[in-house]
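Proteins get letters first, then strands, A, B, ... in listed order; numbering begins at 1 in each. Not measured: the values here are computed from a predicted model.
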Protein chains: 2
Amino acid sequence: MSQVNNVYSPMPDDAAIIFAALGDNTRLNLLARLRDGQSHAIVELTDGTGLTRQAISKHLHVLENAGLVLSEKSGRESRYLFDAGGFQKAQAYLDVASAQWDAALLRLKDFIEET
Amino acid sequence: MSQVNNVYSPMPDDAAIIFAALGDNTRLNLLARLRDGQSHAIVELTDGTGLTRQAISKHLHVLENAGLVLSEKSGRESRYLFDAGGFQKAQAYLDVASAQWDAALLRLKDFIEET
DNA sequence: AACTTAAGCAACCTTTCGGTTGCATTTATT
DNA sequence: AATAAATGCAACCGAAAGGTTGCTTAAGTT
């Protein structure tokens, strides 16, 4: 079984996973911090959240699974970095959806004017 | 207490609610069907999903709450339509995030070249 | 008036989610 | 060698999510 999976037509499954990962404020805040382009250790990302390290660790795994962050081990710490890939897929999905909507509106408009 | 809420800086809370609503395949499929620009009754949207009418009804409420669809009563049926508002907010959020990321990369690049 | 269709409401069930605590492990530090 | 720091893993918990069934109500049909 093969699958087409180019950037112009994101797989719905992927999209749902990415959007679900974005659908939580704690995770959106983590992403915002990671957008500085540098890698951060878990303790560091935990700081100021009011949550435990394990909670943050779980959130980071969710983000990683969605392709929104990358992780790398460095000595005793695992550091996380922003991954633009997930974002681009989300944007692509919304763009395609918008385009479909616009096209439908246009068809509707033409149909009405046809009278 | 007042709040700024323009399209250039979407409120994170809103964003999380919208993304969470998009983070489910059943709902993405419903949205895809609603992108034809026309209104659909619940029974109609239920058809072909393999789920019950009530399940679909709940999903539609989630979408409505996120500003992704609108509903209107017409006789004994309530009909749902696509609402571009939620989509635009989601797109705006991702755009701002991307821009921040790009800016951070640029700063990093400049910093390195400064050597 | 009788019947059918479209929905809403509410209770209930199971699974997932967001979070915590406790303990073991690995990698610095002193 | 002994201690401290950063994690990972696993069990556990309460709340929310996704779904179902049953019953009521409102609006069309015949």
Between F82(A) and L31(A), does the side chain to side chain contact (heavy atoms under 4.5 Å, CB included) criterion hold? Intermediate values first, please.
CA-CA 7 Å; F82(A) 186 80; L31(A) 284 174; 4.2 Å; yes
Could you check how far CG of N65(B) sits from P of dG18(D), rounded to whole Å?
13 Å
Does anything in residues 36-56 of chain B reach DNA chain C, meaning a heavy atom under 4.0 Å, and if so which residues?
A41(B), I42(B), V43(B), R53(B), Q54(B)
So, is T26(B) close to the dG18(D) phosphate, meaning a side-chain N or O under 4.0 Å from OP1 or OP2?
no
Does the plane of the ring in F19(B) sit parallel, tilted or perpendicular to the ring in Y93(B)? Use 30° and 60° as the thresholds.
perpendicular
What residue among L70(B), L45(B), D83(B) forms side chain to side chain contact (heavy atoms under 4.5 Å, CB included) with L34(B)?
L45(B)
Whether S57(A) contacts dT7(D) is assessed here as follows: a side-chain N or O lying under 4.0 Å from the phosphate OP1 or OP2. Is that the case?
no
Have S98(A) and Q91(B) got a donor and an acceptor in their side chains that come within less than 3.5 Å?
yes
Atom-pair distance (CD on E64(B); C1' on dG8(C)), nearest Å
14 Å
Y80(B): partners by ring pair (Phe, Tyr, Trp, His ring centres under 6.0 Å), with sequence neighbours left out:
none
Give the rounded distance in Å between these two atoms: NZ of K58(B) and P of dA6(C).
21 Å
Could you go through nucleotides 24-27 of chain D and list every protein N or O atom that sits under 3.5 Å from one of its N or O atoms, giving the distance for each pair?
| unit_1 | atom_1 | unit_2 | atom_2 | d |
| --- | --- | --- | --- | --- |
| dA27(D) | O3' | R76(B) | N | 3.4 |

Taking all atoms of both residues into account, what is the closest heavy-atom pair of E64(B) and S71(B), and its distance?
OE2-OG, 2.8 Å
Below 4.0 angstrom from OP1 or OP2 of dA17(D), is there any side-chain N or O of H59(B)?
no
Looking only at heavy atoms, which two atoms of E77(B) and A41(B) are closest? And how far apart?
OE1-CB, 3.6 Å
In whole angstrom, give the distance that lies between atom CG of L60(A) and atom C1' of dG19(C).
14 Å
Would you indicate what R79(A) reaches in the nucleic acid, counting non-hydrogen atoms under 4.0 angstrom: base, sugar-phosphate, or nothing?
nothing
Linking I/L/V/M/F/W/Y whenever their side-chain heavy atoms sit closer than 4.5 Å, directly or via other members, would V62(B) and L22(B) fall into one cluster?
no
Considering all heavy atoms, the nearest I18(B)-A66(B) contact
CG1-O, 3.5 Å
Nearest-Å distance, CG (N29(A)) to C1' (dG18(C))?
15 Å
Is there a side-chain polar atom (N or O) of H61(B) under 4.0 Å from OP1 or OP2 of dG8(C)?
no
To the nearest Å, give me how far apart CG (D24(B)) and P (dA16(D)) are.
18 Å
